[in-house]
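Each remark here refers to the structure printed beneath this line.
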Amino acid sequence: MKVLVMSDSHGMRSFMRYAVTAVKPNVIIHLGDHYDDGSIIAEENDSIRFLQVPGNCDRYRCYPPQPEILCCDIGGVRFYMTHGHLHGVKMSTDRLLRDAAEAKASVVLYGHTHQADCRQEQGIWMLNPGTCGSWGGTVGVITVENGQVIQCTILDQKDLEEQT
């Protein structure tokens, strides 16, 4: 199962659409900053499971207000999803990692910094897909099989071109 993770689209959906076409995901996740972008991508891909959280720029973009943190299972793996501003991720990911561990998550997804990051820390996969808000942006892809994360990676435009 492929999970496509995008964040910080800021009103630019072309790269998001390109990523969906290239990756052919089973699940799409949008981590905010322009909630409307995620909603449009969800409508255009209504056969694909879609999850999203609002970002710090989304206070007036999603009505009614949506949860800023989601925890759910995808393919038997527990995911903790947030934009990151509530956890102060521009300074440190310590609080985010602690909250994800308390939620018994195996994967924590966040955005906000516009800096792509994919690593394991304390047995938890941490993924910030960077920004998908322009050509040359980045997305994250997580492959889940048999209740485990098999691969977690960051893809840029060139990587996506190689997949098509």
Side-chain angles (χ1 to χ4, degrees), residues 1-58 61-62 65-87 89 93 96-97 99-100 103-120 124-134 137-145 147-156 159-160 163:
M1 167 180 295
K2 284 187 188 177
V3 180
L4 173 63
V5 185
M6 299 182 280
S7 187
D8 297 282
S9 50
H10 294 282
M12 295 176 265
R13 293 179 290 278
S14 297
F15 189 68
M16 295 174 78
R17 289 182 177 112
Y18 185 73
V20 171
T21 300
V23 173
K24 298 173 184 52
N26 305 97
V27 179
I28 301 170
I29 297 172
H30 185 254
L31 300 170
D33 273 1
H34 283 248
Y35 196 86
D36 302 352
D37 297 340
S39 297
I40 290 167
I41 295 299
E43 288 174 16
E44 293 173 355
N45 298 280
D46 61 356
S47 65
I48 300 173
R49 183 178 177 191
F50 183 85
L51 302 160
Q52 79 173 330
V53 293
N56 59 299
C57 294
D58 293 322
R61 293 184 186 280
C62 51
Q66 300 297 310
E68 294 183 278
I69 297 169
L70 284 179
C71 265
C72 68
D73 289 351
I74 299 172
V77 175
R78 187 90 170 143
F79 280 69
Y80 184 95
M81 297 165 256
T82 187
H83 182 65
H85 62 291
L86 299 176
H87 293 83
V89 297
T93 56
L96 177 64
L97 185 62
D99 288 357
K104 300 190 182 341
S106 298
V107 176
V108 60
L109 306 176
Y110 69 103
H112 191 53
T113 67
H114 293 209
Q115 298 296 313
D117 183 29
C118 182
R119 61 191 152 95
Q120 257 190 311
I124 297 175
W125 280 102
M126 298 186 72
L127 173 67
N128 181 332
T131 178
C132 66
S134 65
T138 54
V139 298
V141 177
I142 298 173
T143 304
V144 175
E145 290 180 12
Q148 293 189 29
V149 174
I150 301 302
Q151 184 177 23
C152 183
T153 189
I154 303 291
L155 301 176
D156 62 18
D159 298 324
L160 293 172
Q163 292 197 15

Shortest non-hydrogen contact from [X] toward [Y]:
| X | Y | value |
| --- | --- | --- |
| Cys72 | Met81 | SG-CE, 3.3 Å |
| Leu155 | Asp159 | CA-OD2, 3.4 Å |
| Glu68 | Pro54 | CG-CG, 3.9 Å |
| Phe15 | Cys132 | CB-O, 3.6 Å |
| Asp58 | Gly55 | OD2-N, 2.6 Å |
| Gln163 | Ala22 | OE1-O, 3.6 Å |

- Could you walk me through whether Val53 and His30 pass side chain to side chain contact (heavy atoms under 4.5 Å, CB included), step by step? CA-CA 7 Å; Val53 293; His30 185 254; over 6 Å; no
Closer than 3.5 angstrom, by distance alone: can the side chain of [X] be matched with the main-chain N or O of [Y] as a donor-acceptor pair?
| X | Y | value |
| --- | --- | --- |
| Asn128 | Gly111 | yes |
| Asp8 | Asp33 | no |
| Ser7 | Pro129 | no |

- Task: Test Tyr110 against every option in Thr82, Asp117, Thr93 by the side-chain hydrogen bond (donor to acceptor under 3.5 Å, both in side chains) rule and name the one that passes.
- Result: Asp117
- Answer yes if the side chains of Ser39 and Gln52 hold a donor-acceptor pair under 3.5 Å, and no otherwise. yes
Is there a side-chain contact between [X] and [Y] in this structure, where contact means two heavy atoms from C-beta onward sitting under 4.5 Å apart?
| X | Y | value |
| --- | --- | --- |
| Tyr18 | Leu160 | yes |
| Lys24 | Lys2 | no |
| Arg13 | Ile40 | yes |
| Val3 | Val141 | no |
| Phe79 | Val144 | yes |
| Arg49 | Ile74 | yes |

- Item | Contacts of type side-chain hydrogen bond (donor to acceptor under 3.5 Å, both in side chains), residue Asn45, not counting sequence neighbours | none
- Message: I'd like to check the side-chain hydrogen bond (donor to acceptor under 3.5 Å, both in side chains) partners of Tyr80; sequence neighbours left out, ordered by chain and number.
- Response: His87
Qualifying residues under ring-ring contact (aromatic ring centres under 6.0 Å, His included), relative to [X], sequence neighbours excluded:
| X | value |
| --- | --- |
| Phe50 | none |
| His83 | His85, His112 |
| His114 | His10 |

[atom1]-[atom2] distance between [X] and [Y], expressed to the nearest 0.5 angstrom:
| X | Y | atom1 | atom2 | answer |
| --- | --- | --- | --- | --- |
| Asn26 | Leu4 | CG | CG | 10.5 Å |
| Glu145 | Ile150 | CD | CD1 | 5.0 Å |
| Asp37 | Met16 | CG | CE | 5.5 Å |

- Item | Set of residues satisfying side chain to side chain contact (heavy atoms under 4.5 Å, CB included) with respect to Thr138, sequence neighbours excluded | Ala116, Ile154, Asp156
- Take Val5 and Ile28, measure what side chain to side chain contact (heavy atoms under 4.5 Å, CB included) needs, and give me the verdict at the end. CA-CA 6 Å; Val5 185; Ile28 301 170; over 6 Å; no
- Task: Assess whether side chain to side chain contact (heavy atoms under 4.5 Å, CB included) is satisfied between Ile142 and Leu127, documenting all intermediate values.
- Result: CA-CA 9 Å; Ile142 298 173; Leu127 173 67; 3.7 Å; yes
- Query: Could you walk me through whether Gln148 and Ser106 pass the side chain to side chain contact (heavy atoms under 4.5 Å, CB included) check?
  - Reply: CA-CA 9 Å; Gln148 293 189 29; Ser106 298; over 6 Å; no
